[in-house]
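These figures come from a predicted structure and were not determined experimentally.
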Amino acid sequence: MKISIFLRHNRMEDDDIFSGIGIGAQVDGKVVQTFQKSFLQVQNILDQNRLLINEINQNHESKIPDHLTRNVGLIRELNNNIRRVVDLYADLSNSFAKTMEVSSEDSAGTTKSDGRGGQKRFKSS
């Protein structure tokens with residue numbers, strides 16, 4: 001049994017994150033930094049998973065009882081890492097949706113945040 005999981009995450013350039021959807025100029029640097037940080041975390045976890053999978057496969061092929069026993073812990077670690085990646089992508093998705101929402105509201109010029117999580121509607125001039 002060989003374990004293989006797609007572990008590749010495309011690295012993005014600063015300007016490429018939002019340019020494909022036409023809002024590159026409207027996203028501030030802090031938002032881009034947050035996305036970059038999250039993508040870097042994901043990439044690091046995926047790199048770690050690649051190493052874990054290689055070790056799991058080697059241990060399985062060796063058929064040495066101690067190595068097979070060690071695989072239990074390694075597989076648990078792999079599963080936890082996968083959960084972390086899923087959580088990071090969920091957070092990224094939510095952040096992206098909020099960024100798009102704010103961006104579309106800012107470009108429409110009709111709503112502004114009231115600072116309490118709600119929206120106030122202003123008349124356009």
Side-chain angles (χ1 to χ4, degrees):
M1 171 184 95
K2 209 164 193 143
I3 297 174
S4 49
I5 296 176
F6 183 67
L7 295 174
R8 184 144 192 242
H9 174 77
N10 293 329
R11 295 180 189 266
M12 296 184 178
E13 296 297 323
D14 297 356
D15 299 333
D16 290 344
I17 293 175
F18 297 103
S19 63
I21 54 175
I23 64 167
Q26 299 173 12
V27 177
D28 70 17
K30 186 175 180 182
V31 171
V32 172
Q33 284 180 331
T34 300
F35 279 89
Q36 285 176 321
K37 180 182 173 190
S38 294
F39 284 123
L40 183 61
Q41 285 178 304
V42 167
Q43 187 62 53
N44 288 336
I45 294 169
L46 294 177
D47 290 343
Q48 183 183 5
N49 284 358
R50 182 179 300 110
L51 297 173
L52 286 169
I53 289 169
N54 287 339
E55 186 175 350
I56 290 166
N57 286 333
Q58 288 172 358
N59 289 346
H60 182 76
E61 289 170 4
S62 76
K63 300 193 185 333
I64 297 170
D66 287 344
H67 292 184
L68 295 173
T69 300
R70 176 165 164 67
N71 272 0
V72 173
L74 294 174
I75 292 169
R76 282 191 183 124
E77 184 177 350
L78 181 65
N79 286 336
N80 287 333
N81 285 353
I82 292 168
R83 276 190 210 98
R84 287 173 48 207
V85 168
V86 168
D87 290 344
L88 283 167
Y89 274 129
D91 292 345
L92 275 167
S93 177
N94 290 334
S95 295
F96 184 75
K98 288 177 186 173
T99 299
M100 292 299 295
E101 190 176 291
V102 168
S103 175
S104 67
E105 289 170 356
D106 287 348
S107 65
T110 57
T111 60
K112 292 188 179 180
S113 173
D114 66 1
R116 296 178 301 211
Q119 299 290 325
K120 288 185 178 177
R121 189 157 294 278
F122 293 92
K123 292 181 183 177
S124 299
S125 36

Straight-line distance of [X] [atom1] to [Y] [atom2], nearest 0.5 Å:
{"X": "Leu78", "Y": "Arg50", "atom1": "CG", "atom2": "CZ", "answer": "12.0 Å"}
{"X": "Ile56", "Y": "Ile75", "atom1": "CD1", "atom2": "CD1", "answer": "5.0 Å"}
{"X": "Asn79", "Y": "Leu52", "atom1": "CG", "atom2": "CG", "answer": "10.5 Å"}
{"X": "Asp91", "Y": "Phe35", "atom1": "CG", "atom2": "CZ", "answer": "10.5 Å"}

_Beyond-backbone contact of Ile45 with Asn49, side-chain heavy atoms, under 4.5 angstrom_ = yes
*For Tyr89, does its backbone N or O pair with a side-chain atom of Ser93 as donor and acceptor, under 3.5 Å?*
no
*Using atom types as modelled and distance alone, determine if a side-chain donor or acceptor of Ser95 lies under 3.5 Å from a backbone N or O of Leu92.*
no
_Let me check something: do Leu68 and Leu74 share a hydrophobic cluster, defined by ILVMFWY side-chain heavy atoms less than 4.5 Å apart, either directly or through other members?_
no
*Under the salt bridge (charged side-chain N to carboxylate O under 4.0 Å, His left out) rule, collect the residues that match up with Arg70, sequence neighbours excluded.*
Glu55
*Pairwise salt bridge (charged side-chain N to carboxylate O under 4.0 Å, His left out) hits with a residue in residues 72-83, at least two apart*: none
_Set of residues satisfying side-chain contact (heavy atoms from CB on, under 4.5 Å) with respect to Gln58, sequence neighbours excluded_ = none
*Any residue meeting side-chain contact (heavy atoms from CB on, under 4.5 Å) with Thr34, in chain and number order, not counting sequence neighbours*: none
_What I want to find out is whether Asp87 reaches Arg84 closely enough, with some N-O distance under 4.0 Å, to be called a salt bridge._
no
_Any residue meeting side-chain hydrogen bond (donor to acceptor under 3.5 Å, both in side chains) with Ser38, in chain and number order, not counting sequence neighbours_ = none
_Shortest non-hydrogen contact from His60 toward Asn71_ = N-ND2, 3.7 Å
